[in-house]
Every structure is written in structure tokens, then in C-alpha cells.
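Inspection log for the structure reproduced underneath, given as C-alpha cells.
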Number of protein chains: 2
Amino acid sequence: MTAERSYHHGDLRRAVLTAALDVIATEGPAALSLRDLARRAGVSHAAPAHHFKDRAGLLTAIAAEGHGLLAAALGEAEDLRDLGVRYVRFAGAHPAHFQVMFRPELLRTDDPELLAARERTRTRLRAAVEGYGDDPALGFMAAWSMAHGFATLLLSRNLDGLLSGSDPEETFRALAGAMSGRPGTP
Amino acid sequence: MTAERSYHHGDLRRAVLTAALDVIATEGPAALSLRDLARRAGVSHAAPAHHFKDRAGLLTAIAAEGHGLLAAALGEAEDLRDLGVRYVRFAGAHPAHFQVMFRPELLRTDDPELLAARERTRTRLRAAVEGYGDDPALGFMAAWSMAHGFATLLLSRNLDGLLSGSDPEETFRALAGAMSGRPGTP
DNA sequence: TCCCATATCTTGACATCGACTAGATTGCTG
DNA sequence: CAGCAATCTAGTCGATGTCAAGATATGGGA
């Protein structure tokens with residue numbers, strides 16, 4: 001936004017990323033067009049390719065950034081329910097990242113940056129699940145499935161008629177508490 | 001497959017649908033190309049448009065068909081866990097349908113056929129949840145989130161390292177049992 | 001039986017997109 | 001200050017979705 005018409009954009013990579021996040025959040029990853037992003041940034045149609053190689057490269061960069069954000073958002077969760085609440089909160093705060101992160105067919109799954117970021121998230125998740133129940137993998141999948149399913153259905157507007165205006169995050173807290181036998185609110 | 005080269009295909013609509021399901025199941029909805037489907041069916045590139053209007057129309061037809069299949073697959077579920085197991089089983093048996101059904105950005109959400117089919121599924125789901133807990137909507141969302149999340153993560157191959165070769169359906173049964181305080185196997 | 005309205009399919013065209021290449025411009029570094 | 005690497009532009013190609021107009025087959029009514 002600083003220089004209006006210089007040969008070099010200044011921070012094209014970031015500009016394309018934010019524009020892409022905007023498009024994905026409102027219209028989904030399928031509606032993403034590299035040429036449109038270039039137009040939004042005011043550069044030529046082939047400029048983004050230099051930063052991201054191709055479409056898959058751009059989405060991979062978004063996914064990697066998303067994993068970094070998710071790892072930070074999970075932080076030091078108190079328990080499984082809190083972990084799920086943070087997961088859902090992340091999905092609501094960064095819908096574009098979330099919609100891309102778990103779609104291998106859109107990504108370069110062998111990208112080293114993506115692998116590193118994903119591994120950071122997974123270790124964070126594993127640590128939070130440690131010691132829950134006799135089978136950690138089972139508890140892990142149960143918590144992940146519930147949080148991921150809620151977040152996915154929420155973002156795809158499939159829960160619109162059910163939430164009845166209440167805060168999704170609070171709804172999930174009550175929901176997770178009911179499922180694990182604990183009260184909805186402490 | 002009967003007539004090799006007649007002007008009329010015979011059942012082009014079904015041929016395009018099955019070809020599309022094949023593509024979506026293996027490469028996802030983003031890789032779907034109307035012209036490629038036309039080539040597979042041995043017709044001209046504009047022939048599919050007459051049956052489905054456009055890309056969104058084709059995906060909408062798949063989604064509507066999927067809702068019909070899902071309603072049938074849910075059948076008369078014994079309890080919430082059985083309902084979830086049937087949901088996961090459907091996702092595994094009809095991955096292409098499942099991957100399209102809950103993506104409003106890919107569909108004509110005002111299509112009457114789609115709306116009717118979706119309503120049939122929802123009433124089936126609602127009936128199965130009736131009388132569970134004090135807040136039916138909460139139990140409904142909890143069960144749906146868990147089943148949908150597990151199915152989504154399963155199809156996107158995000159559980160590959162966790163399932164350790166066991167049957168996904170059985171894993172989900174154990175998982176749902178652990179979450180609701182019941183044993184994994186009856 | 002004939003005939004035509006309609007459904008189905010073909011052909012052609014246009015704008016757009018992703019990807020590639022070659023060349024221009026800029027900024028940095030020695 | 002010189003040259004080198006990073007960044008961006010311009011041009012091109014094949015493929016795609018969508019539309020319009022024409023060709024062909026099918027079925028029901030005269």
C-alpha cells in the first residue's frame with residue numbers, strides 16, 4: 001500500500017497471501033485464481049508464480065502458515081475439552097487456513113516447510129493428550145474427530161439452524177462436556 | 001456400453017455421473033473437468049451440459065443422490081453410536097458423494113431436488129436423536145460432529161498413521177463408546 | 001404409416017486460467 | 001561503481017467452462 005506504482009511491489013508475497021486468504025474465506029479454495037490475486041495486488045499475471053511456483057505452492061504456503069498458527073493457538077491446553085475449544089476457536093479465527101490445511105489433494109505434501117509445521121502441531125496435540133485413558137490414540141482420535149467435525153460443519157454453515165445464535169465456541173464447550181460426562185460450564 | 005457409436009448415448013446422464021464419482025473419489029472435486037467426463041463417455045465436450053446445466057449442476061446432482069444414499073444407509077439405527085457407525089460406513093462406501101454433500105460453495109443450494117433429499121436425511125437424523133439427553137440439539141451436534149469429523153479425517157487420509165491397520169469402522173465404534181462412557185464392543 | 005415437436009448431441013466460438021519462456025528492471029553486495 | 005541475483009513484465013500455449021446455433025434421433029398423435 002506504500003508505493004503505488006514501483007516496479008517492485010515491496011511485499012508481494014504477503015499481499016498475495018492475504019488476498020488469497022480473503023478469497024478462500026469467502027468463496028472457498030476452488031474459487032482461487034492466481035491471475036485474480038495478481039490483479040488485486042496490482043502486478044502482472046505471472047508475478048505470483050515467482051513466490052509460490054504454482055497454485056499448489058500457494059496453498060501449501062497457506063497450509064504451513066496455518067499449522068504454525070494452530071500450534072500457537074493450542075498453547076498450553078488444560079484438558080482435552082479445552083484443547084478442542086482452542087481448535088474450534090482457531091478454525092473460526094482463521095477459516096481460510098483451516099479449509100486448506102487438511103486437504104492433501106490441494107497441497108505439495110512433501111514440502112519440507114509444510115512437514116515441519118505440521119509436525120509442530122502434531123507434537124503439540126500429542127502432548128496435550130498424553131495420559132488420557134488407557135489408549136491414548138483412541139482418545140486422541142475421539143477429541144480430534146469431535147473438534148474437527150464441529151469446526152468443519154461450522155465453517156460450511158451446516159450448523160446454522162442448530163446454534164440458534166449462541167456462541168459456537170460456548171456451544172462446543174457444552175457439547176464436549178456432555179459427551180465426556182462433565183458439565184457444560186465449570 | 002451397449003451402442004458403441006450412435007448419435008444418442010443411451011444413458012449419458014448416468015455415465016457422466018459415475019465417471020465424475022470416479023474422479024472425485026480419487027482426485028477430489030477440484031480435479032473434475034466436464035470436458036474430461038465427456039471424453040470418457042465418448043461424447044462431445046458440450047453434451048454433459050444438457051443434463052446438468054453446468055459444473056455446479058453436476059455436483060448438485062451428486063449431492064442430492066448422496067443424501068438419498070445416506071438416508072437409506074442410516075436406516076433404523078439402534079442408538080447414537082450405531083448412527084455414527086452407519087454415517088462413517090456411508091462415507092467410506094461413497095467417498096465421492098460424501099466429499100461433495102457438505103460443501104455449499106460447490107452446489108446450487110436452492111435446487112429443489114437437493115433440498116428435498118437433504119431434508120429427508122435430516123429428518124432421519126433427528127428421529128434417531130429424539131429423546132437423548134435433556135438437550136436434543138446438543139446431543140445431535142455432538143454425535144454429528146464426531147462422526148463427521150472422523151469420516152472427514154479418514155477420507156482426507158489424516159488418520160493413516162493412527163489407525164494402525166485396523167478397520168476404521170470398528171475403530172470408530174470403540175472411539176464413540178469411549179467418549180460416551182460405554183465399552184468399545186458390546 | 002407418416003410427421004413433427006422435443007429431447008439429445010455436435011460443432012464452433014469466446015473469454016479465462018495455469019504454466020512456461022524470455023526479457024526488462026531493481027536492489028544488493030563486493 | 002560494476003555486476004549479479006531477485007523480482008517483475010510481456011507474450012504465448014494448451015485446456016477449460018459456458019454459450020449459441022445447427023444436426024440428429026425418438027416418441028406420440030394425426
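The chains referred to below are lettered A, B, ... by the order of the sequence lines, with proteins before strands, and numbering in each begins at 1. These values consider heavy atoms only, across backbone and side chains, with no hydrogens, waters or symmetry-generated copies. Quick caveat, the model's predicted, so the values are computed rather than measured.
- Partners of A/Arg120 by salt bridge (Lys or Arg N to Asp or Glu O under 4.0 Å), not counting sequence neighbours: none found.
- The minimum heavy-atom distance linking A/Met101 with A/Leu107 is given by the pair O-CD1, 3.8 Å.
- If you take CG of B/Leu12 and C1' of D/dA25, they are 14 Å apart, rounded to a whole angstrom.
- Residues passing the side-chain contact (heavy atoms from CB on, under 4.5 Å) test with B/Ala56, sequence neighbours excluded: B/Asp54, B/Arg108.
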Check the interface with nucleotides 16-21 of chain C: list each N/O to N/O pair with the protein under 3.5 Å, or write none.
| from | atom 1 | to | atom 2 | distance (Å) |
| --- | --- | --- | --- | --- |
| C/dC17 | OP1 | A/Arg39 | NH2 | 3.3 |
| C/dC17 | OP2 | A/Arg39 | NH2 | 3.3 |
| C/dG18 | OP1 | A/Leu34 | N | 3.0 |
| C/dG18 | OP2 | A/Leu34 | N | 3.1 |
| C/dG18 | OP2 | A/Arg35 | N | 3.1 |
| C/dG18 | N7 | A/Arg35 | NH1 | 2.4 |
| C/dG18 | O6 | A/Arg35 | NH1 | 3.0 |
| C/dA19 | OP2 | A/Arg55 | N | 3.1 |
| C/dA19 | N6 | A/Arg35 | NH1 | 3.4 |

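- OP1 or OP2 of D/dA6 has not a single side-chain nitrogen or oxygen of A/His51 nearer than 4.0 Å.
- The stretch residues 58-66 of chain A has no heavy atom under 4.0 Å from DNA chain C, so no residue of it qualifies as close.
- Residues passing the side chain to side chain donor-acceptor pair (under 3.5 Å) test with A/Arg157, sequence neighbours excluded: A/Asp160.
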Could you give the side-chain donor-acceptor pairs of residues 61-69 of chain B under 3.5 Å, partners two or more places apart or in another chain?
| from | atom 1 | to | atom 2 | distance (Å) |
| --- | --- | --- | --- | --- |
| B/Glu65 | OE1 | B/Arg14 | NH2 | 3.3 |
| B/Glu65 | OE1 | B/His97 | NE2 | 2.7 |
| B/Glu65 | OE2 | B/Arg14 | NH1 | 2.6 |
| B/Glu65 | OE2 | B/Arg14 | NH2 | 3.4 |
| B/His67 | ND1 | B/Thr121 | OG1 | 3.3 |

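- Only at 4.0 angstrom or more do the heavy atoms of residues 106-113 of chain A sit from any atom of DNA chain C, so none qualifies.
- Pairs of residues two or more places apart, or lying in two chains, that qualify as ring-ring contact (aromatic ring centres under 6.0 Å, His included) and include a residue from residues 152-177 of chain B are B/Phe150-B/Phe172.
- Ion pairing between a basic and an acidic side chain is recognised when a charged N comes within 4.0 Å of a carboxylate O; B/Glu119 and B/Arg122 show no such pairing.
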Evaluation steps, side-chain contact (heavy atoms from CB on, under 4.5 Å), between A/Thr60 and A/Val100: CA-CA 8 Å; A/Thr60 300; A/Val100 166; over 6 Å; no

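- Of all heavy-atom pairs spanning A/Leu154 and A/Leu159, the tightest one is N-CD1, 4.0 Å.
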Side-chain donor-acceptor pairs of residues 19-30 of chain A under 3.5 Å, sequence neighbours excluded:
| from | atom 1 | to | atom 2 | distance (Å) |
| --- | --- | --- | --- | --- |
| A/Asp22 | OD2 | A/Arg40 | NH1 | 3.4 |
| A/Thr26 | OG1 | A/Asp22 | O | 3.1 |
| A/Thr26 | OG1 | A/Val23 | O | 3.2 |

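- A donor-acceptor contact closer than 3.5 angstrom links the side chains of A/Ser166 and A/Thr171.
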Using residues 84-91 of chain B as the side-chain source, report each donor-acceptor pair under 3.5 Å to any protein atom, sequence neighbours left out, with the distance given to one decimal.
| from | atom 1 | to | atom 2 | distance (Å) |
| --- | --- | --- | --- | --- |
| B/Arg86 | NE | B/Asp82 | OD2 | 3.1 |
| B/Arg86 | NH1 | B/Ala73 | O | 3.4 |
| B/Arg86 | NH1 | B/Leu74 | O | 3.1 |
| B/Tyr87 | OH | B/Trp144 | NE1 | 3.0 |
| B/Tyr87 | OH | B/His148 | ND1 | 2.9 |
| B/Arg89 | NE | B/Glu169 | OE1 | 3.3 |
| B/Arg89 | NE | B/Glu169 | OE2 | 2.9 |
| B/Arg89 | NH2 | B/Glu169 | OE2 | 2.9 |

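- Over its length, the helix from C/dT1-D/dA30 to C/dG30-D/dC1 turns its helix axis by 0°, as judged from the five terminal pairs at each end, rounded to 10°.
- Rounded to a whole Å, the NE2 atom of B/His50 is 13 Å from the P atom of C/dT6.
- Among residues two or more places apart in sequence or in another chain, the side-chain contact (heavy atoms from CB on, under 4.5 Å) test is passed with B/Pro104 by A/Ser156, B/Thr109.
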